[in-house]
Amino acid sequence: MQRDIPQETLSDLEGAHPTETLIAFLTVHHDNLAEPIRIVSDRFNYVRGDDLFTGIPFDVSLVNDDDQQPVTEVRVQNIDRRIGAALRAASGVATVELEICTSSDFDMGQDPRQEIGTADVIYRLTHYELRDVSADALEVSGRAALPDYASEPWPAITTTQARCPGLYFG
């Protein structure tokens, strides 16, 4: 998980009158979706790379940093009912990607907002599974966590002479 916040950005964000704002980009992938769901935590749409992110306010917390499995909560305002309907209709697990950038990487005078060069990502989550999804009239929410491999047998493959003949001599 990337947490590379440049010192000048950090100083600005912690200052009394910050000029920067943080913008979160959330992408939801699932095999049943024709195209990933892409939203941004602003009321304006953004173009990042070749992708259009729809402006729908949402909340996400940073991943816990303790001895437990890494997990975070995601809450999206149910402005566009297609998001909740798509996630409820999808069978299996969806994966999410979260990237947080600063407003200085975008031309804020355009609609949709355009990326200036390549935006620096200061926080990134990838390959997290979206679990416990619920949707009501106000919001769609769920937990994003890494896959749980605790129930996997260990070691999954044992070394035998038939499988690894080079390890056995004579």
Side-chain angles (χ1 to χ4, degrees), residues 1-63 70-146:
M1 155 180 18
Q2 179 181 346
R3 292 183 188 179
D4 299 330
I5 303 174
Q7 186 58 43
E8 60 274 0
T9 302
L10 188 60
S11 298
D12 180 63
L13 291 171
E14 292 175 343
H17 302 287
T19 58
E20 300 274 352
T21 57
L22 296 179
I23 303 166
F25 295 87
L26 183 70
T27 306
V28 179
H29 300 275
H30 193 282
D31 293 338
N32 292 353
L33 297 174
E35 225 178 274
I37 297 170
R38 292 183 178 91
I39 58 174
V40 61
S41 64
D42 195 353
R43 61 188 181 101
F44 293 99
N45 295 338
Y46 283 71
V47 174
R48 246 184 110 215
D50 294 329
D51 300 321
L52 176 67
F53 286 80
T54 304
I56 297 177
F58 68 89
D59 293 321
V60 64
S61 58
L62 299 181
V63 172
V71 66
T72 185
E73 297 290 325
V74 180
R75 297 185 182 298
V76 179
Q77 292 183 13
N78 201 4
I79 295 172
D80 187 345
R81 292 183 183 189
R82 292 177 294 177
I83 294 172
L87 290 175
R88 281 189 304 209
S91 61
V93 177
T95 58
V96 295
E97 178 179 336
L98 173 73
E99 295 180 326
I100 297 179
C101 303
T102 59
S103 59
S104 63
D105 291 324
F106 296 90
D107 182 354
M108 304 304 262
Q110 295 185 2
D111 188 20
R113 308 288 196 231
Q114 299 290 322
E115 187 174 23
I116 301 171
T118 302
D120 291 328
V121 177
I122 62 173
Y123 186 83
R124 174 180 286 142
L125 301 177
T126 57
H127 308 296
Y128 275 61
E129 293 180 347
L130 189 59
R131 303 178 185 161
D132 304 330
V133 176
S134 63
D136 59 26
L138 298 177
E139 72 179 9
V140 178
S141 63
R143 289 183 323 114
L146 287 175

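Numbers here are sequence positions counted from 1.
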For the residue pair [X] and [Y], establish whether any side-chain heavy-atom pair is separated by less than 4.5 Å.
{"X": "L26", "Y": "V60", "result": "no"}
{"X": "V63", "Y": "L146", "result": "no"}
{"X": "T102", "Y": "L22", "result": "yes"}
{"X": "V47", "Y": "L52", "result": "yes"}
{"X": "R48", "Y": "R38", "result": "no"}

- Task: Kindly write out the residues that satisfy side-chain contact (heavy atoms from CB on, under 4.5 Å) with S103, not counting sequence neighbours, or none if the list is empty.
- Result: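 E20, T21, I23, M108.
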- Query: Who passes ring pair (Phe, Tyr, Trp, His ring centres under 6.0 Å) against F58, sequence neighbours left out?
  - Reply: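 Ring pair (Phe, Tyr, Trp, His ring centres under 6.0 Å) check on F58 returns nothing, list empty.
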Distance from [X] atom [atom1] to [Y] atom [atom2], nearest 0.5 Å?
{"X": "T95", "Y": "Y128", "atom1": "OG1", "atom2": "OH", "result": "13.0 Å"}
{"X": "E129", "Y": "R143", "atom1": "CD", "atom2": "CZ", "result": "10.0 Å"}
{"X": "Q114", "Y": "D105", "atom1": "CD", "atom2": "CG", "result": "13.5 Å"}
{"X": "T126", "Y": "L98", "atom1": "OG1", "atom2": "CG", "result": "10.0 Å"}

- Task: Assert yes or no for the condition that the ring centre distance of F106 to F25 is strictly below 6.0 Å.
- Result: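 Distance test on ring centres: under 6.0 Å, yes.
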- Item | S61: side chain to side chain donor-acceptor pair (under 3.5 Å) partners, not counting sequence neighbours |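 Residues passing side chain to side chain donor-acceptor pair (under 3.5 Å) with S61: T72.
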- Check R75 against S141 and note the closest heavy-atom contact, atom names and distance.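 Closest heavy-atom pair between R75 and S141: NH1-CB, 3.4 Å.
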- Query: What are the two closest non-hydrogen atoms of T27 and H29, and how far apart are they?
  - Reply: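 Residues T27 and H29, closest heavy atoms: CG2-NE2, 3.3 Å.
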- Query: Any chance CG of D132 has more than 12 other-residue heavy atoms, nucleotides or ligands included, within less than 6.0 Å?
  - Reply: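 Correct, the count exceeds 12.
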- Query: So V140 and V133, side-chain contact (heavy atoms from CB on, under 4.5 Å) or not? Walk me through it.
  - Reply: CA-CA 7 Å; V140 178; V133 176; 4.2 Å; yes
